[in-house]
Amino acid sequence: ATGMGLAVASFRMQGAAEPPFDDRAAWIATTVPHCIARLQYSLGKRVWLGIDVRAGLAIPRPVVRFAGREAATWGRPVFLVAVPIGFDVG
């Protein structure tokens, strides 16, 4: 199966600096639209096990800056692998 999803990722960052720079802490959040590909295996009438592969981009892209220079980024691209277990009720 294939599909699309939307996730929210949040980060808390903290940095310590030497003068003349200041210590800082920040909390940021970003959205991650992504595509999903799933293989699914039935374990019984109402239970299944799957493997998901997801690929997407963080929008906006989280950036860490030190002294005005870009030091790190996240989310361009994002790849995730998950092993979901599902239960059908009803």
Which heavy atom in [X] sits nearest to a heavy atom in [Y], and how many Å separate them?
X   : Y   : result
A58 : P62 : CB-CD, 3.8 Å
I59 : T31 : O-OG1, 2.6 Å
M13 : I28 : CE-CD1, 3.4 Å
H34 : L6  : CE1-N, 3.5 Å
L57 : P33 : O-CD, 3.2 Å

Are [X] and [Y] connected in the hydrophobic side-chain network, where two residues link if heavy atoms are under 4.5 Å apart?
X   : Y   : result
V53 : I36 : no
V83 : F87 : yes
Y41 : I85 : yes

Task: Backbone of P60 reached by a side-chain donor or acceptor of T30 within 3.5 Å - done: yes

Open item on the list: Could you tell me if the side chain of I51 sits less than 4.5 Å from the side chain of V81, heavy atoms only?
Closed with: yes

Task: Non-hydrogen side-chain atoms of W48 and L43 separated by less than 4.5 Å - done: no

TODO: First locate atom NZ of K45, then atom CG of D88, and finally report the distance between them rounded to the nearest 0.5 Å.
DONE: 11.5 Å

Open item on the list: Please determine whether the number of non-hydrogen atoms from other residues, nucleotides or ligands lying under 6.0 Å from atom CZ of R76 exceeds 12.
Closed with: yes

